[in-house]
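The figures that follow rest on heavy atoms only: side chains count, while hydrogens, waters and symmetry mates do not.
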Amino acid sequence: MVAKARKVDKFGLLSLKGKIINCLSNTEEKYLANEEIKLLLYAMGIDINNYNPKKLRYGKIGICVDGDLDGSHISLLLMAAIYKLCPQFLKENRLCWLRAPLFIETKGNKRYYYYSEREKQEKYRGGTIISAKGLGSMSADEMEEAMFTEENQKLDILEYEPEVDKLLEDLMGEDVLPRKEFIFENIDFSKYMEY
C-alpha cells in the first residue's frame with residue numbers, strides 16, 4: 001500500500017524483508033554479505049569506502065515502519081546499520097523517521113490521524129476510532145493522507161548528537177552489560193503487568 005500512497009515524483013521506496021541484521025553485534029564480513037544491507041547501500045547510493053554526499057540518490061532517508069514496539073526495534077536496527085556503515089550520513093542529519101499513525105478516527109467523511117495515545121486523548125473529536133494495526137492494515141488512501149500529505153505527515157529528523165554513538169553501541173553492541181544497565185536504570189517495571 002505504501003507504494004500506491006506515496007508521491008512517486010517526491011518519494012522513493014525500499015521495502016526490506018523483516019528485521020535487518022544488527023551491524024553492531026555482527027562481524028563486518030557477516031553484515032556486508034547480508035542482502036538487505038547490500039540493497040540498502042545500493043538504494044542510498046553509498047560507497048562505504050568513499051562516502052560522497054553528492055553521489056547520494058536521496059537527500060534524506062525516512063524510516064517507515066509500523067508504529068508499535070517491533071517497528072521501533074526495526075528503526076533502531078536501521079539506525080545502527082547506517083551508523084556503522086556510514087556515520088557521516090547520520091552526522092549530516094539525513095536520517096528521518098516517517099511515523100505511521102497508531103489510531104485513525106473517522107467523523108463524518110473526514111479522517112484524523114493520531115501518532116500517540118496522548119495525542120488521541122488530547123485531540124479526540126467524538127468520532128469512531130480504530131487502532132492502526134500497522135502499515136499493512138491501512139488502505140492506500142489512509143496511508144497517503146496520514147503519511148504523505150503536509151497536513152498530517154510526521155517526518156522527524158533524527159538530529160545527530162555525539163552521545164548517540166555511545167548509546168547505540170550500548171544498546172545494540174555485542175556487550176550485554178551496558179544494555180542491561182540501561183534497561184534497569186530507565187524502565188519502571190512496576191508499570192508492566194506480569195503475564
Could you give the distance from [atom1] ([X]) to [atom2] ([Y]), rounded to the nearest 0.5 Å?
X: I104; Y: E145; atom1: CD1; atom2: CD; value: 9.0 Å
X: K54; Y: L56; atom1: NZ; atom2: CG; value: 11.5 Å
X: L77; Y: N22; atom1: CG; atom2: CG; value: 5.5 Å
X: L95; Y: D156; atom1: CG; atom2: CG; value: 11.0 Å
X: N49; Y: C86; atom1: CG; atom2: SG; value: 11.0 Å
X: E181; Y: D170; atom1: CD; atom2: CG; value: 8.5 Å

Using only atom types and a distance under 3.5 Å, with no angle test, would you say the side chain of [X] pairs donor to acceptor with the backbone of [Y]?
X: R94; Y: I157; result: no
X: Q153; Y: E150; result: no
X: K55; Y: G45; result: no
X: N93; Y: Y160; result: yes
X: D66; Y: G71; result: no

Which atom names give the shortest non-hydrogen contact between [X] and [Y], and what distance separates them?
X: M172; Y: A80; answer: CG-CB, 4.3 Å
X: M79; Y: I63; answer: N-CD1, 4.4 Å
X: N34; Y: E36; answer: OD1-N, 3.0 Å
X: L155; Y: C96; answer: CD1-CB, 3.6 Å
X: L98; Y: M147; answer: CD1-O, 3.5 Å
X: A132; Y: S137; answer: C-OG, 4.0 Å

With a cut-off of 6.0 Å (strictly less than), are more than 12 heavy atoms of other residues, nucleotides or ligands near [atom1] of [X]?
X: Q121; atom1: CD; answer: yes
X: Y42; atom1: OH; answer: no
X: K60; atom1: NZ; answer: yes
X: K30; atom1: NZ; answer: no

Is any side-chain heavy atom of [X] less than 4.5 Å from a side-chain heavy atom of [Y]?
X: L90; Y: L158; answer: no
X: D47; Y: N50; answer: yes
X: R179; Y: V176; answer: yes
X: K120; Y: E122; answer: no
X: L40; Y: L78; answer: yes

Original post:
Yes or no on side-chain contact (heavy atoms from CB on, under 4.5 Å) for I61 and M44, after CA distance, side-chain angles and deciding distance?
Top reply: CA-CA 8 Å; I61 300 294; M44 293 168 63; 3.8 Å; yes
**OP:** Tell me, with the steps shown, if I48 and L32 meet side-chain contact (heavy atoms from CB on, under 4.5 Å).
**Re:** CA-CA 10 Å; I48 61 171; L32 288 179; 3.7 Å; yes
**OP:** Show the numbers, then the answer: is there a side-chain contact (heavy atoms from CB on, under 4.5 Å) between Y31 and L85?
**Re:** CA-CA 10 Å; Y31 64 72; L85 299 166; 3.6 Å; yes
Is it the case that one hydrophobic cluster holds both [X] and [Y], taking links as side-chain heavy atoms less than 4.5 Å apart, direct or via other members?
X: L24; Y: I46; result: yes
X: Y113; Y: I130; result: yes
X: V65; Y: F103; result: no
X: L102; Y: M138; result: no

Does [X] pair with [Y] as a salt bridge, N-O distance under 4.0 Å?
X: K166; Y: E169; result: no
X: E119; Y: R99; result: no
X: R111; Y: E105; result: no

**OP:** Run the numbers on Y51 and E92 for side chain to side chain donor-acceptor pair (under 3.5 Å), then give the verdict.
**Re:** CA-CA 12 Å; Y51 175 74; E92 293 170 353; 2.6 Å; yes
Original post:
Does K110 make a cation-pi contact with Y112, if we ask for NZ or CZ under 6.0 Å from the ring centre and within 45° of the axis?
Top reply: yes
Original post:
Could you walk me through whether Y114 and N152 pass the side chain to side chain donor-acceptor pair (under 3.5 Å) check?
Top reply: CA-CA 9 Å; Y114 306 120; N152 296 313; over 6 Å; no
Original post:
Passes side-chain contact (heavy atoms from CB on, under 4.5 Å), L168 versus L76? Steps please.
Top reply: CA-CA 8 Å; L168 276 173; L76 192 56; 3.7 Å; yes
